[in-house]
Number of protein chains: 2
Amino acid sequence: MSGRGRVPSGQPTISDVARHAGVAVSTVSYVLSGKRAISEVTRNRVLASVRLLGYHPNAGARALASRRANVIALVLPLRSGIQVPVVMQFATAVVTSARRHDHDVLLLTSDEGPQGLHRIAAGALVDGVLVMDVELHDVRVPLLRELGRPSVLIGLPADTDALTCVDLDFHRAGQVCVDHLVSLGHRRIALLGAPSAVYDRGTGFAHRTRAGVVEAAARHGVEAVTLPCEENAAEVHARVVELFARQPELSALVVQNEAAVGPVQAALAALGRRVPDDVSVVAVCPDQFAEHANPRLTSVPVPAEEIGRQAVSLLMRKVHGEPTPQVTLLEPRLTVRDSTAAASTVPAVHDGRAAAR
Amino acid sequence: MSGRGRVPSGQPTISDVARHAGVAVSTVSYVLSGKRAISEVTRNRVLASVRLLGYHPNAGARALASRRANVIALVLPLRSGIQVPVVMQFATAVVTSARRHDHDVLLLTSDEGPQGLHRIAAGALVDGVLVMDVELHDVRVPLLRELGRPSVLIGLPADTDALTCVDLDFHRAGQVCVDHLVSLGHRRIALLGAPSAVYDRGTGFAHRTRAGVVEAAARHGVEAVTLPCEENAAEVHARVVELFARQPELSALVVQNEAAVGPVQAALAALGRRVPDDVSVVAVCPDQFAEHANPRLTSVPVPAEEIGRQAVSLLMRKVHGEPTPQVTLLEPRLTVRDSTAAASTVPAVHDGRAAAR
DNA sequence: GGACGCTGGCGAAGCGCTTCGACAAACCGT
DNA sequence: ACGGTTTGTCGAAGCGCTTCGCCAGCGTCC
């Protein structure tokens, strides 16, 4: 009898390679993993067979035997108020970096919730987990602590104990914006923030930016009002009007809502306020947005690329059992473009024409 | 001697469950998979043990034994000119649908290129592949044909032979836009299209929309000019100016570049053309954009959700060896909002004030 | 020249699961 | 009462890989 006759998969296996190269299976494995010394001549023979047969190790078998899936999970937010392009930048940076560490990326959406995380981790489908858009009091944080798998958070929860977190230092970012505006002579500043839903659910970056703005303003002794802001044009317009109603002598705006930058400019134009002549604008947004706006925006970019890279590299370190810092904050850098200028000594009037200066 | 003493993984295995429930390993497997009849009483005993121990099957072992990874790959585009929010919508729809079929999603970026696909498929990391943003003459198409794994394309290549493709019927979408405008009495229509890079690399949807617009215009005997359009405000402005220069009596615009809709409205406002009084605008863009614009835009939405669902369900069918149609085109539907109105009998003048009507 | 350490390679034991064939026990019709 | 089905369960053989322990051969060093 010819055994039980399951059909062979078609793909060559490691023993095909071993047979073809005239060596033991284990030798092939060691050639491929480099975990033991193999003589030059044998190595080359094996590698030649590998190429000739078009051999690719079976991921399942490898994962089973080595207890390593070589896959990491990326949990992306999918809810309202997220900044889609930034999220995409993160995602691509993560995928690219992961590949550089010979890992693939499994995509999870946060609406699968904690049990999604649990399923993935318990099933050993992934070696580690990267979580984006962490809230200050995120339900997933305790789960991550006891998950038994390495994890890295992008964003800061309130309690970072026993975690590994990476993020832009949004607190500093808020400060940097204000510092820049104050150095240009602005004394009445407003922050047009994230949608209020984002504040409400306690998303760290929004709160931290606001705190940075407020603190820097206080330090400089200038006035700062902050307002959440939804993402549609009408709402933005209303908010801008509201700001000027509250503070007629407003001469500078910090905008941290990338979807709002276009509408903000439109609203200012509609109100007859010129940028930067009458109002200076600093945005916290991807460089691409800032570059394409008109005028080009002075901005503090969110270095999604860099954060993604760091996050992956920290996760890899944890996967390999190395220690990692609890919190890694990236220093913000402000790029001056065309939307900020020295404050005029005489405030603009309201009819849409700048005052004489 | 106590064997070779590899450390146990910590997670309970199927044999822990079997022991706890007092049955054979295979019985547990059959309870979990439902592939053989198991008596009510045994099933319940096993399920109780599963819950009690917190058992989750090991993904690698399962994949190895069953030759099924229960994972599909999603290849996302990451290059210029892609419509980020639409892509995200696809991605989330795909993840959600895949979970409904008990599959997870592995994220690949198209810049890993063909060899990325090959690696994934040959290593049996995934059971099938979903490819987005397919070009008319995509290098990956021949590869997909000979990959030996099921695949579904989102978008149409020139030759769909031996493939499975899903997309919105962009040709019809172009027609529908024109039909709507013509029915409102517009006789001078323009299409503001995708960035020229998108046309250049032969992305199907851009060409198909343009063809639909041109064809419908010809059918109605109305004039239609089409222009590619980059995504930044200045460029959009220039294009809009160019359109009116070419065709001063232009009264309707079809915009199929979601990133351009905001700037288009701004440009029209700057030129003193009111929407919809002087110019009607139809957009091909996600509903969300159309809703949030001011005025709200009449649009043909790209049903990313629906396409993603269809794509996954087709892929699942292929994974299970069932036949699938070569091409699935979704019917576009036009939602009338506030940006289209009957053409005025007297064309608008150029100084920004509408002519008497 | 024998004890010693290296190097390079081999064989075999799993990793945790699925699935096939076997087989008691219960049920059927006659 | 007896062959013939079902029905429910078990045991064992892999799936393709990693890794541990072992050993043959060879140069080294007193």
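All values below come from the heavy atoms of this structure, side chains included, with hydrogens, waters and symmetry mates left out.
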Could you list the donor-acceptor pairs under 3.5 angstrom formed between side-chain atoms of residues 128-136 of chain B and any protein atom two or more places apart in sequence or on another chain?
{"from": "B/D133", "atom 1": "OD2", "to": "B/R79", "atom 2": "NE", "distance (Å)": "3.1"}
{"from": "B/D133", "atom 1": "OD2", "to": "B/R79", "atom 2": "NH2", "distance (Å)": "2.8"}
{"from": "B/E135", "atom 1": "OE2", "to": "B/R79", "atom 2": "NH1", "distance (Å)": "2.9"}
{"from": "B/E135", "atom 1": "OE2", "to": "B/R79", "atom 2": "NH2", "distance (Å)": "3.2"}

What side-chain donor-acceptor pairs closer than 3.5 Å can you find for residues 24-38 of chain B, not counting sequence neighbours?
{"from": "B/S33", "atom 1": "OG", "to": "B/S29", "atom 2": "O", "distance (Å)": "3.2"}
{"from": "B/S33", "atom 1": "OG", "to": "B/K35", "atom 2": "N", "distance (Å)": "3.2"}

Donor-acceptor contacts, no H, no angles, side chain residues 46-55 of chain A, under 3.5 Å, sequence neighbours left out:
{"from": "A/S49", "atom 1": "OG", "to": "A/H20", "atom 2": "ND1", "distance (Å)": "2.8"}
{"from": "A/S49", "atom 1": "OG", "to": "A/R45", "atom 2": "O", "distance (Å)": "3.2"}

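The two residues A/Q326 and A/A162 make their nearest non-hydrogen contact at NE2-N, 3.8 Å. Pairing each heavy atom of B/I120 with each of B/A73, the nearest pair is CG2-CB, 4.3 Å.
Residues from residues 23-41 of chain A lying near DNA chain D, meaning a heavy-atom separation below 4.0 Å, are A/V25, A/S26, A/S29, A/Y30, A/K35, A/R36 in numerical order.
Between B/R62 and C/dT18 there is a side-chain polar atom (N or O) within less than 4.0 angstrom of OP1 or OP2. Put simply, B/R67 has no side-chain N or O that comes within less than 4.0 Å of OP1 or OP2 on C/dC17.
Residues A/D159 and A/R145 are paired through a salt bridge, judged by an N-O separation under 4.0 Å between the basic side chain and the carboxylate.
Axis angle across the helix from C/dG1-D/dC30 to C/dT30-D/dA1, with five pairs used at each end and values rounded to 10°: 40°.
Rounding to whole angstrom units, CG of residue B/L125 and P of D/dC15 are separated by 20 Å. Going from atom CG of A/L64 over to atom P of C/dC15 covers 9 Å, rounded to whole Å. Atom-to-atom, CZ of B/R68 to C1' of C/dT18 comes out at 12 Å; the value is rounded to the nearest Å. Counting to the nearest Å, the C1' atom of D/dT9 and the CZ atom of B/R45 are 11 Å from each other. Rounded to an integer number of Å, the gap from CG of B/N58 to P of C/dG14 is 18 Å. At whole-Å resolution of the value, CD in A/Q11 and P in D/dC17 are 10 Å apart. Taking atom CZ on B/R19 and atom C1' on D/dC10, their separation rounds to 16 Å, with Å as the unit.
Between the OG1 atom of A/T92 and the CD atom of A/E305 there is a distance of 6.5 Å, given to the nearest 0.5 Å.
Under the side chain to side chain donor-acceptor pair (under 3.5 Å) criterion, B/E40 pairs with no residue, sequence neighbours left out.
Distance alone, capped at 3.5 Å, is enough to place a donor-acceptor pair between the B/K318 side chain and the B/S151 backbone.
Side-chain proximity of B/P57 to the nucleotides D/dT19, C/dC17, D/dT9 is greatest for C/dC17.
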